[in-house]
Amino acid sequence: MAKQLEKSSVGNEDIFQKIANHEQVVFCNDPASGLQAIIAIHDTTLGPALGGTRMYPYKNVDEALEDVLRLSEGMTYKCAAADIDFGGGKAVIIGDPEKDKSPALFRAFGQFVDSLNGRFYTGTDMGTTMDDFVHAQKETKFINGIPEQYGGSGDSSIPTSKGVIYALKATNQYLFGSDSLSGKTYAIQGLGKVGYKVAEHLLEAGANLFVTDIHEDVLNSIKEKSKEIGGSVTIVKSDEIYSVEADVFVPCAMGGVINDETIPRLKVKAVVGSANNQLKNLSHADVLNEKGILYAPDYIVNAGGLIQVADELYGPNKERVLLKTKGIYHSLLEIFQQAELDCVTTVEAANRKCQKTIEDQRNRNSFFSRGRRPKWNIKE
């Protein structure tokens, strides 16, 4: 049954303005399964678009479109920064992941993905799981991030969390002259699949943590874990995490948490986390910079999961993934140093580097008269 959404205020001309910097946007509708989804392909200069599929109860199509466009553009930069041969894309499914999922819905979604003939590869994101895409895989081969028993590489939160740890080490090296995690204090927002693993790593290293999450059971779990492996854990309320005195704020939940309301409350030296789109808008990078808070661009910090799902398309190899994930350490240090040298924010430094990578490839494509690289069918 089709979901009842608020009426969209977007006219045809406005839609084309909204998608002006995207190559392709596909609206997917299957009344039989209740599927309402949007696939956005931002840029395929570096290769076919790669990005997860998010399921969320958006209020209307406008909200869903805005989210998928923002996320797909971010994936272009994320792929360029991670040095993988893919471009940026993303998909969103409108619906409540707790109520609206069904095998038929994901099979229908798989058919739409397949219709793009390899221009878009996808897998899990917020609100979706690996098991969901086992159903989608019955309709298309352009799926990644599936369980190991189905030939995939398994849980992508493992390399993502390791990438966050490498990013924290790089930040400590830049700020304190040593990449040791021991003795430092970290304020972790969100103890989901990634945040919990980051917290475990930090405790094992002898760090002190302030933590918050909407689920009381995971808070109690990490508190008990600290008694086993060392370090210390202080549980705080959700809104208090911004005000604690710590060395680093580690956002691992929703995006947009660095904004006009939260920045004045921060008592940290750096922001380094796995959440996507942490800055409410780009101007907040300047505000952090003015306040003397070092910001690690999130699409570099959280690239470990992307590295794994991209690598899976060539045949799962955990050692190869973890080796490439270590590159986050040096990549982030380079961004910090370049930002200081050019007197710009770390976001600007990172974006410039990614834009140069994309432009260089675009020039190579043009020079060899190849157009976009013919890599649409990786899984043969």
Running the 4.5 Å side-chain criterion over Ile, Leu, Val, Met, Phe, Trp and Tyr, what cluster does I307 land in, apart from itself?
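For the cluster that includes I307, the remaining residues are V321.
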Does a donor on one side chain and an acceptor on the other come within less than 3.5 Å for [X] and [Y]?
X    : Y    : value
T128 : T53  : no
S274 : N302 : no
Q355 : Y77  : yes
T45  : D43  : yes
D213 : H215 : yes
S243 : K267 : no

Ionic contact status for [Y] with [X], cut-off 4.0 Å:
X    : Y    : value
E66  : K18  : no
D67  : R54  : yes
D132 : K101 : yes
K90  : D125 : yes
D239 : R265 : yes

Does the side chain of [X] reach to within under 4.5 Å of the side chain of [Y], using non-hydrogen atoms?
X    : Y    : value
T212 : I188 : no
E340 : Q337 : no
T171 : F336 : yes
T160 : V194 : yes
K78  : N276 : yes

Does atom [atom1] ([X]) have a neighbourhood of more than 12 heavy atoms from anything else shown, all under 6.0 Å?
X    : atom1 : answer
E245 : CD    : no
E261 : CD    : no
I229 : CD1   : yes
Y174 : OH    : yes
K318 : NZ    : no

Donor-acceptor under 3.5 Å ([X] side chain, [Y] main chain):
X    : Y    : value
K162 : K326 : no
T262 : N259 : yes
S331 : G327 : no
H42  : M75  : no
T357 : K353 : yes
N220 : D217 : no
Q173 : D179 : yes

State which residues pass side-chain hydrogen bond (donor to acceptor under 3.5 Å, both in side chains) with [X]; sequence neighbours excluded, sorted by chain then number.
X    : result
Y196 : S221
Q278 : none
S283 : N281

Working note: K197 + E200, criterion salt bridge (charged side-chain N to carboxylate O under 4.0 Å, His left out); need CA distance, chi angles, decisive distance, verdict.
CA-CA 5 Å; K197 291 181 179 66; E200 286 183 306; over 6 Å; no
Taking a hydrophobic cluster as the set of Ile, Leu, Val, Met, Phe, Trp and Tyr residues connected by side-chain heavy atoms closer than 4.5 Å, whether directly or through intermediates, do [X] and [Y] fall within one such cluster?
X    : Y    : result
Y166 : Y299 : yes
I300 : V250 : yes
V92  : V25  : yes
Y121 : V26  : yes
V218 : I158 : no

I need the E240 CD to I235 CD1 distance, nearest 0.5 Å.
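If we round to the nearest 0.5 Å, E240:CD and I235:CD1 are 12.0 Å apart.
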Distance in Å, F142 CZ paired with T122 OG1, rounded so as to fall on 0.5 Å steps:
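Between atom CZ of F142 and atom OG1 of T122 there are 12.5 Å.
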Under the side chain to side chain contact (heavy atoms under 4.5 Å, CB included) test, which residues partner [X], sequence neighbours left out?
X    : answer
A285 : L279, T345, V347
K269 : L175, F176, D247
T234 : F210, V236

Does anything in residues 261-280 form a ring-ring contact (aromatic ring centres under 6.0 Å, His included)? List the pairs, not counting sequence neighbours.
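Every pair satisfying ring-ring contact (aromatic ring centres under 6.0 Å, His included) with a residue in residues 261-280: there are none.
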Restricting to pairs with a member in residues 183-193, which pass side-chain hydrogen bond (donor to acceptor under 3.5 Å, both in side chains), not counting sequence neighbours?
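Every side-chain hydrogen bond (donor to acceptor under 3.5 Å, both in side chains) pair that includes a residue of residues 183-193, provided the two are not neighbours, is N172-Y186, Q189-Y242.
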Could you list the residues that satisfy salt bridge (charged side-chain N to carboxylate O under 4.0 Å, His left out) with K356, not counting sequence neighbours?
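Partners of K356 by the salt bridge (charged side-chain N to carboxylate O under 4.0 Å, His left out) criterion, ordered by chain and then number, come out as D360.
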ring-ring contact (aromatic ring centres under 6.0 Å, His included) with F133: which residues, sequence neighbours excluded?
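Here the qualifying residues are F106.
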Sequence neighbours excluded, which residues qualify as ring-ring contact (aromatic ring centres under 6.0 Å, His included) partners of H284?
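For H284, no residue satisfies ring-ring contact (aromatic ring centres under 6.0 Å, His included) once neighbours in sequence are set aside.
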For R320 and D311, what are the C-alpha separation, side-chain angles and deciding distance, and is it a salt bridge (charged side-chain N to carboxylate O under 4.0 Å, His left out)?
CA-CA 8 Å; R320 189 169 61 208; D311 185 84; 2.5 Å; yes
Please assess D155 against S157 for the test side chain to side chain donor-acceptor pair (under 3.5 Å), listing each intermediate value before the final yes or no.
CA-CA 5 Å; D155 187 0; S157 70; 2.7 Å; yes
Let me see the working for D342 and R352 under salt bridge (charged side-chain N to carboxylate O under 4.0 Å, His left out), right down to the final yes or no.
CA-CA 11 Å; D342 295 343; R352 286 179 181 180; 3.8 Å; yes
Run the side chain to side chain contact (heavy atoms under 4.5 Å, CB included) test on I165 and L181 for me, step by step, so that the C-alpha distance in whole Å, both residues' side-chain angles and the decisive distance to 0.1 Å come before the verdict.
CA-CA 9 Å; I165 294 299; L181 302 169; 3.9 Å; yes
Let's go through V61 and F27 carefully: what are the C-alpha distance in whole Å and the side-chain angles of both, what is the deciding distance for side chain to side chain contact (heavy atoms under 4.5 Å, CB included) to 0.1 Å, and is it a yes or a no?
CA-CA 10 Å; V61 176; F27 288 80; 3.8 Å; yes
Test applied, side-chain contact (heavy atoms from CB on, under 4.5 Å); reference residue, L266; option that passes from L288, I241, V244:
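Exactly one option meets the side-chain contact (heavy atoms from CB on, under 4.5 Å) with L266, and it is L288.
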